Amino acid sequence: MKAQSRRGRAMFPALAFFVCTLGSAGPGGATIQYKVSISHPEQHLFHVTMTIPDVNGEVLVEMPAWNALYQIRDFSSHVQQVEAFAGTARAPIETVDKQTWRISGKGTITVRYGTYWDDVGPFATQLNGEHAFINPAMILLYVPDRRTEDVRVVMADLPEAWKVTSADLLGLEVAGAARNFILGAKSYDALADAPIEGGRFEEFLLEGVSPHISVVIHGEGWRKKRVEEELKRICEYQIKLMEGSPFEHYTFILHIGKGAGGGGMEHLNSTAIGIPSDEYLSGVAAHEFFHLWNVKRIRPAALEPVDFTKEQYTRALWFAEGVTSTYGAYTLVRSGIWNRERFYADLSDQISELEARPANRWQSAEQSSLDAWLEKYPLYNGPDYSVSYYAKGQVLGVLLDVLIRDRTDNEKSLDDVLRAMNTDFAKQGKTYRDSLDIRLEAEKVVGGSFEAFFQNYVAAAEPLPYQQVLRLAGLDLRKTEHQRAVLGLSAERESGGATTVRAVDDGSPASGAGLRPGDVLVSWNDGEVPRSLGRWVRERQPGETVRVRIRRDEKERALEFKLGEEKELLYQIAEDPHASEKAGHIREGLLHGVTHVVTVH
């Protein structure tokens, strides 16, 4: 895809607004328009008025069934009291299905409705007394056959001192005491890809980075110097790696602190990130910023055009997400945020994660990509049922990089493949054919075949050749066995923040203590429930006592149990002191992002 234009956009929106009128801001009078009122944010209810011009007899409006995650989440379930008007008269409105309404009328049709949201970002939408975070596709209806038309949004009735920012912010309208923030986009799809933040956030530009990059922060306990330095290193490295930026202005929307959610979501010219503290920022930001190229512009054909009504399958998420994780790790080590030992440890963790899952023996990277839509089901996420296309794709990216460097005597690398795909697809406005075009681009860079690699390790689930390939980069993969602590339960954090027990292992101490599926974890060892119980238990020893408070049948009770134990096989990457000169050059090439011809004597 090509970068979205910025018609009339203030370069630094929250600090340099221009004043405009409703008739002059953004697209013209025939534009589909929305007014979003949030006069009482503590009620968590957005009041939306949608104005549709040029209707000839009837019009269909729909609410997307999915966005931000590969999950059908039926955003229409949040909608209430849909009504329609033709002029000032009520217009007949018929519910067609769970997400579609048919309205009869001519001329300009007005649709009014409320939608309730109080789920933390970045994958959801939230409105409360502190702020508003909006993924537009979760609250705004669209006209299916008019998605390519200009759209305009007015954010109205905001609390005093609140401001609004987005990649599509046009400006600020002031009429009397009212303050309305105006947003516009060239299509509904572009608007859906530009999250909106409202509230009393802080905002600043990354100094010395071109084009302009804004950082918007809602939260507490973060250090500006650390945020600035890490984001600047990440952005400068990746822009240099990809030989230029694809945007005119980029926005980081950061939610930092307790209850801020977890993870990041990429968008065309922005990202939304939720993290408990700024210590987690660099890992998420390096991944999300690289999505500017890989997935948002270097894009699988299977994902275009977006179909908001049903699942959209692709075999390429191992590349779109997994290889993006490869470059997240590359960025951190090459920019100096990580040292080489941290890079090796991260790669070792991905290999250990893959090898600990029995499903790795049968689920390929492509199959994992296709099955992404099953991730909302707890059973599917178990180790016997699936592997992560993030982890498998990240490892495949490193292995492919080593093989490219080895075959070309370190003259070419996976970097060249990404740059070639950016030139041949993204800059041409073209999409690529899932794994096929990735392989063809790699073969073009190398001048030889990668058919066996893609057939065995991408399309099929043959054991990955870690040791053989890593040895070509002067790296040794070692295996160790030890006893590790196990919880004896699995739990899932809901979008609203509550953590619910999904399964309890038979015969485990947790089962013996009376823990059951469906129990809501209220507290954990007299404190907050860890955001990642998997990460928490990895830092504990077998036999440690866990005290939990649960809610079951509207009643709370305290339970206590000990952590169980099981054998675990861990993988650890270390540098081979006996590596050849060529392998040593390849290793340093990986770590520093450089290539040069290796002369083998």
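Please read these numbers as outputs of a predicted model, since none were measured by experiment.
Between the side chain of Ser368 and the main chain of Val387, a donor-acceptor pair closer than 3.5 Å is present. Looking only at distances, a side-chain donor or acceptor of Thr271 sits under 3.5 Å from a matching main-chain atom of Met265. For Asp278 (side chain) and Arg223 (main-chain N/O), a donor-acceptor pair under 3.5 Å exists by modelled atom type. Of the possible donor and acceptor atoms, one in the side chain of Gln238 sits under 3.5 Å from a partner among the backbone N and O of Ala286. For the pair Asn128 (side chain) and His131 (backbone), a donor-acceptor distance under 3.5 Å is present. Here the side chain of Glu203 pairs no donor or acceptor atom with the backbone of Val216 at under 3.5 angstrom. Judged by distance alone, the side chain of Asp97 and the main-chain N or O of Thr100 form a donor-acceptor pair under 3.5 Å. Judged by distance alone, the side chain of Ser369 and the main-chain N or O of Trp318 form a donor-acceptor pair under 3.5 Å. A side-chain donor-acceptor contact under 3.5 Å links Lys376 to the backbone of Ile72. Between the Asn135 side chain and the Thr125 main chain, no donor and acceptor come within less than 3.5 Å of each other.
Applying the 6.0 Å contact sphere to CD of Gln81 captures no more than 12 heavy atoms from other residues, nucleotides or ligands. Within a 6.0 Å sphere centred on CD of Gln541, other residues, nucleotides and ligands contribute 12 heavy atoms or fewer. Under a cut-off of 6.0 angstrom, the local environment of CG in Asp384 is crowded, with over 12 non-hydrogen atoms contributed by other residues, nucleotides or ligands. When the shell of 6.0 Å around CD of Glu544 is examined, it contains more than 12 heavy atoms from other residues, nucleotides or ligands.
Looking at Gln126 and Asp119, their side chains never bring a donor and an acceptor atom within 3.5 Å of each other. Between the side chains of Lys35 and Asn180, no donor-acceptor pair of N or O atoms lies under 3.5 Å. Inspection of the Asp157 and Ser39 side chains reveals no N or O donor paired with an N or O acceptor under 3.5 Å. A donor-acceptor contact under 3.5 angstrom links the side chains of Asp371 and Gln363, judged on distance only.
Proximity of Phe75 to Thr115: side-chain heavy atoms (C-beta onward) are nowhere separated by under 4.5 Å. Looking at heavy atoms from C-beta onward, Thr324 lies out of side-chain contact with Val295 at the 4.5 angstrom threshold. By the 4.5 Å heavy-atom criterion applied to side chains, Val546 and Asn525 are counted as neighbours. Side-chain contact check for Phe289 versus Leu231: every heavy-atom pair is 4.5 Å or farther apart. The shortest distance between side-chain heavy atoms of Ile253 and His255 falls below 4.5 Å. At a threshold of 4.5 Å between non-hydrogen side-chain atoms, the residues His287 and Tyr390 count as touching. Using a 4.5 Å cut-off on side-chain heavy atoms (C-beta onward), Leu140 and Tyr142 make no contact. By the 4.5 Å heavy-atom criterion applied to side chains, Gln99 and Asp74 are counted as neighbours.
Annotation: side-chain contact (heavy atoms from CB on, under 4.5 Å) contacts of Val111 (sequence neighbours excluded): Met50, Ile52, Val82, Ile103, Ile109, Tyr113, Leu141. Partners of Phe46 by ring-ring contact (aromatic ring centres under 6.0 Å, His included), not counting sequence neighbours: none found. Listed by chain and number, the residues in a side chain to side chain donor-acceptor pair (under 3.5 Å) with Thr309 are Asp307 (sequence neighbours excluded).
Across all their heavy atoms, Leu370 and Tyr313 have their closest contact at O-CD2, 3.4 Å. The two residues Val120 and Ala124 make their nearest non-hydrogen contact at O-CB, 3.4 Å. Closest non-hydrogen pair, Pro383 versus Ala356, comes out as CB-O, 4.5 Å. Looking at every heavy atom in both residues, Ala190 comes nearest to Ala185 through CB-CB, 4.1 Å. What you find for Pro122 and Gly263 is that their closest heavy atoms are CG-O, 3.5 Å. Shown here for Leu268 and Asp193, the closest heavy-atom pair between the two residues is N-OD2, 3.2 Å.
Salt-bridge check for Glu353 with Arg357: passed, with a basic side-chain N closer than 4.0 Å to an acidic carboxylate O.
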Please test Ile234 against Leu332 for side-chain contact (heavy atoms from CB on, under 4.5 Å), starting from the C-alpha separation and ending with a verdict. CA-CA 7 Å; Ile234 288 166; Leu332 296 175; 4.3 Å; yes

Steps toward side-chain contact (heavy atoms from CB on, under 4.5 Å) verdict (Leu533, Trp524): CA-CA 10 Å; Leu533 287 173; Trp524 190 271; 3.8 Å; yes

Go through the steps for Tyr70 and Trp373 under the test ring-ring contact (aromatic ring centres under 6.0 Å, His included), then give the verdict. CA-CA 5 Å; Tyr70 295 110; Trp373 297 90; 5.6 Å; yes

Start with the C-alpha distance between Trp162 and Arg200, add both sets of side-chain angles, then the distance that settles side-chain contact (heavy atoms from CB on, under 4.5 Å), and finish with yes or no. CA-CA 5 Å; Trp162 276 33; Arg200 299 180 181 89; 3.4 Å; yes

Chi angles and distances behind the side-chain contact (heavy atoms from CB on, under 4.5 Å) call for Leu396, Val323: CA-CA 8 Å; Leu396 283 168; Val323 172; 5.8 Å; no

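Separation of atoms OG1 (Thr165) and CZ (Phe201) is listed at 5.0 Å; rounding is to 0.5 Å. Here Thr326 contributes atom OG1 and Asp346 contributes atom CG; the two are 9.5 Å apart, rounded to the nearest 0.5 Å. Taken to the nearest 0.5 Å, the CD atom of Glu160 stands 6.0 Å off from the CZ atom of Arg179. In this structure, OH on Tyr571 lies 13.5 Å from CG on Asp349, to the nearest 0.5 angstrom. For the atom pair CD1 of Ile273 and CG of Leu254, the computed distance is 5.5 Å after rounding to the nearest 0.5 Å. With rounding to the nearest 0.5 angstrom, the CZ atom of Phe204 is 9.5 Å from the OG atom of Ser214.
Using cut-offs of 30° and 60° on the angle between ring planes, the pair Tyr34 and Tyr188 is tilted. Taking the six-membered ring where tryptophan is involved, the planes of Phe308 and Trp66 are tilted, since the angle between them lies from 30° to 60°. Ring pair Phe343/Trp338 is tilted by interplanar angle, where 30° to 60° counts as tilted.
Ring-centre distance between His44 and Tyr116: below the 6.0 Å cut-off. Residues Phe290 and Tyr330 keep their aromatic ring centres 6.0 Å or farther apart.
The only member of Glu321, His267, Lys296 that meets side-chain hydrogen bond (donor to acceptor under 3.5 Å, both in side chains) when paired with His291 is Glu321. Exactly one of Arg502, Arg551, Arg557, Arg552 qualifies for a side-chain hydrogen bond (donor to acceptor under 3.5 Å, both in side chains) with Asp519. That residue is Arg552.
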